[in-house]
Amino acid sequence: MTRTLAIIKPDAVFSGKVGAIIDHLLREEFSLLGLRMTRLNRAQAEAFYAVHSERPFFPSLVSFMTSGPVVVLALEGESAVPRLREVIGATDPQEAEEGTIRALHAKSKERNAIHASDSDRNAAVEIGFFFSESELLAL
Ligand code: CMP
């Protein structure tokens, strides 16, 4: 079993998709280790997405990610990182496979409903960004 981090983004929270997305993840046999609703401030969003700081979409991404509440999920499962990326689909919902979370719920390449860690190493960093080890509860 490995871990990964998902963030249900403001577009999906605003449009009432939190329950459907969590249900989708549980049906895909991820376990919830941690869950928190929060609102990122600018410094947190800039730090979380620092790897994209030179990209042209960075200012808009930070502004979107701070525009409303997000729901942060620490998840556990078999090959959690690659499997979650499969379950959420491509960054651009137009390119996401049918039945994936982004194909079902995302609005655009930026407002794409959910974030998922892209490697085991980044998953550990991203989980640590939001949760201390003692907050992660195994079922
Ligand atoms: P995420 O998986 O959270 O990782 C980085 C985010 O940047 C991505 O989802 C999108 O929300 C956003 N993003 C990536 N590429 C683009 C793009 N070309 N234009 C706008 N936003 C993008």
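Whatever order the structure lists them in is the order used to number ligands and atoms, beginning at 1.
Donor-acceptor pairing under 3.5 Å is lacking for the side chains of Lys107 and Asn112. Checking Thr100 against Glu97 by side-chain atom types alone, no donor-acceptor pair falls below 3.5 Å.
Within the 3.5 Å criterion, the main-chain N or O of Asp92 finds no donor-acceptor partner in the side chain of Glu95.
Among Arg111, Arg102, Arg85, the residue whose heavy atom sits closest to atom 2 (O) of ligand 1 is Arg102. Nearest to atom 10 (C) of ligand 1 by heavy-atom distance, out of His115, Lys109, His52, Met65, is Lys109.
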inquiry  = Using salt bridge (Lys or Arg N to Asp or Glu O under 4.0 Å), reason through Arg102 and Glu110 one step at a time and then give a plain yes or no.
reply    = CA-CA 11 Å; Arg102 284 171 170 161; Glu110 176 179 83; over 6 Å; no

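Closest to atom 20 (C) of ligand 1 among all protein heavy atoms lies Phe57 CB, 3.5 Å.
Taking a cut-off of under 4.0 Å to the non-hydrogen atoms of Tyr49, the atoms of ligand 1 that pass are 1 (P), 3 (O), 4 (O), 5 (C). Within the listing of ligand 1, atoms 1 (P), 3 (O), 8 (C), 9 (O), 10 (C), 11 (O) sit less than 4.0 angstrom from a heavy atom of Lys9. Atoms of ligand 1 found under 4.0 Å from any heavy atom of Leu61 (numbered from 1 in listed order, with element): 6 (C), 7 (O), 11 (O), 12 (C).
In this structure, Arg36 forms no cation-pi arrangement with Phe130, as its terminal cationic atom is not both closer than 6.0 Å to the ring centre and no more than 45° off the ring axis.
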